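One structure is given here, and the rest of the page talks about it.
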Protein chains: 2
Amino acid sequence: MDTNEPEDDPVKEAPVPRRRAQGLGRDIIIDACLKLAGGSDADALSFRKIGKAIGADPTALYRHFADKDELLLALADRVIAVGMEGYVPGPRWEESLRDLMLRTRASFLRYPQVATLAALRVTRQKGELEFIEAMLAALELAGFERREAALVYRACGDFMLAWTGFSAGLVLLGEQSAQDDNAWVRSYQDVSEQQYPLAVSSVALMAGVQDEENYRFALDLLLGGIAARLGN
Amino acid sequence: MDTNEPEDDPVKEAPVPRRRAQGLGRDIIIDACLKLAGGSDADALSFRKIGKAIGADPTALYRHFADKDELLLALADRVIAVGMEGYVPGPRWEESLRDLMLRTRASFLRYPQVATLAALRVTRQKGELEFIEAMLAALELAGFERREAALVYRACGDFMLAWTGFSAGLVLLGEQSAQDDNAWVRSYQDVSEQQYPLAVSSVALMAGVQDEENYRFALDLLLGGIAARLGN
DNA sequence: ACCTGAACACCGTTCAAGT
DNA sequence: ACCTGAACACCGTTCAAGT
């Protein structure tokens, strides 16, 4: 618990803002980073660029975070926490699960640099705790007992995180290197139709699927599988 | 180019291996890269390290690949192709889908550096074509018509690729930065049980789930959802 | 106590030069 | 025709030095 940890000392040593006029602090840095992220610059979160953004030497960051990894975890947790704002569990567990797995993804995709770098990490902080608690509550409502709920949570959580990291990578790739759908279709014009009849005849259909609708489609399949599992 | 070979050869200008004694060529480079990948070195695939491995200057690679991206796509396609070796479609479509989504993942995870860097790319080459053709054949066998099959293919393919990239990232993170399960459990000892009762009481269960079983569990949920979709 | 700035060991990539 | 090696513009990180 690195965020707002309750201090043991009774007197509560004051923050001593003496040198805090232009001083930093974790939250100021996190705010600046999230302002930097979101653009199309794939490595907007380098220490040198962050340093420029906060008007301090890049290495000043080491005064507040042990290393880049710790900074990224803090960013990821804040992104999750922001995504949880305004969440209210509904009466139907499927809707709650779906809501949680869409809103957290959406929040990450607003900061794709954070998503690519930290989506595979467990932050073990406030935002993640709220997300987990809400997911488990929905699964309990669905009728899963504890062990089963833990399994399903892991499947859903990692499904969402993995796919979101994947999507963020696509966003940051951008137009680069002919990743676009047209290039996919075009490159299949030289492919032997005898050898790969299904692939060739379906390439336009496959390429036409956008990532966001694809995620929602897969998510609904997954939720359908969970519901089916409850059935028996 | 005068060679030692008989001249004026009218038929099929020979490959002329004159300067090919230590010469390179794409396949030699790809073989060397796959030998380099697989270890625990997260950036084993830097141009400098590849250059050392093939006994050539790092920049010699630019003679055979336009840039690193093109090299990675070639590597990824080879990894997919290797994964497809020995695949035979079975009579049951669910089993074929499952097989394809396990063997391709397994092949990628043998070369985690390739998986993290290229799992989100469409290679548009031989290995990927074989994979797509086999997947679509299984879905046709299941009874999906073309448009539906394309949708389900995209969901399954990206599910597998996204999660595999995620898993490869975990592998390369390794023991680093306390990503391990024990750290997760330990860090929850300070968490308020009143505020997050479900999360705290389930952390050991959640942390105990290994990535590979988690993937298989989610995969079965997904396949279950696909089967349910066919039902109506 | 906090920040600076040079330095270190790395990246991918370019380009004039070698043979 | 193919390869080399210095150079460029970047990384994250360390550490002695400033105030």
Side-chain angles (χ1 to χ4, degrees), chain A residues 13-29 32-33 36-37 39 41-75 113-114 116-118 121 172-173 176-177, chain B residues 1-5 13-29 32-33 36-37 39-75 113-114 116-118 121 172-173 176-177:
Chain A
E13 40 158 22
V16 195
R18 200 177 68 86
R19 201 85 302 248
R20 269 305 207 259
Q22 52 158 13
L24 293 175
R26 291 174 73 107
D27 282 334
I28 291 165
I29 295 174
C33 286
L36 269 182
D41 181 8
D43 36 38
L45 292 181
S46 81
F47 274 34
R48 284 165 178 83
K49 288 175 185 170
I50 299 170
K52 191 169 290 181
I54 60 180
D57 191 90
T59 62
L61 291 167
Y62 284 95
R63 224 56 47 201
H64 303 89
F65 298 94
D67 51 18
K68 181 144 192 185
D69 195 64
E70 195 177 297
L71 170 59
L72 283 172
L73 288 184
L75 288 172
Q113 295 90 345
V114 178
T116 15
L117 294 169
R121 306 301 311 282
L172 293 177
L173 264 180
Q176 178 203 327
S177 52
Chain B
M1 47 212 56
D2 35 2
T3 65
N4 322 0
E5 265 94 40
E13 41 159 19
V16 197
R18 200 175 70 86
R19 201 89 296 253
R20 268 305 207 258
Q22 52 159 11
L24 292 173
R26 291 173 73 105
D27 281 334
I28 292 167
I29 295 174
C33 286
L36 269 182
S40 55
D41 181 8
D43 36 36
L45 292 181
S46 81
F47 274 33
R48 284 163 179 84
K49 287 177 185 169
I50 297 169
K52 193 170 285 180
I54 61 181
D57 191 271
T59 62
L61 291 167
Y62 283 96
R63 224 55 49 198
H64 303 89
F65 297 93
D67 52 17
K68 181 143 194 189
D69 195 63
E70 194 178 298
L71 170 60
L72 283 172
L73 287 185
L75 288 172
Q113 295 90 345
V114 178
T116 14
L117 294 170
R121 306 302 311 282
L172 293 177
L173 264 181
Q176 176 204 327
S177 51

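This one's a predicted model, so the numbers in the text were calculated from it and none came from an experiment. So you know, we letter chains A, B, ... as the sequences are listed, proteins then strands, and number each from 1.
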Counting primed atoms, P, OP1 and OP2 as sugar-phosphate and everything else as base, the B/S/- map of nucleotides 5-19 of chain D against protein heavy atoms under 4.0 Å is BB----BBBB-----
Both distances under 3.5 Å, Watson-Crick or G-U wobble: report the partner of D:dC10, or none. none
Paired to C:dC15 by Watson-Crick or G-U wobble criteria (both distances under 3.5 Å) is D:dG5
In Å and rounded to the nearest 0.5 Å, what is the [atom1] to [atom2] distance from [X] to [Y]?
X: A:S46; Y: A:K52; atom1: OG; atom2: NZ; value: 9.0 Å
X: B:R26; Y: B:L75; atom1: CZ; atom2: CG; value: 10.0 Å
X: B:D27; Y: B:H64; atom1: CG; atom2: NE2; value: 10.5 Å
X: B:D69; Y: B:L71; atom1: CG; atom2: CG; value: 9.5 Å

If I take atom NZ in residue A:K52 and atom C1' in nucleotide C:dT4, what distance separates them, rounded to the nearest angstrom? 16 Å
Do you know which two heavy atoms are closest between A:K49 and A:D41, and how far apart they sit? NZ-OD2, 3.0 Å
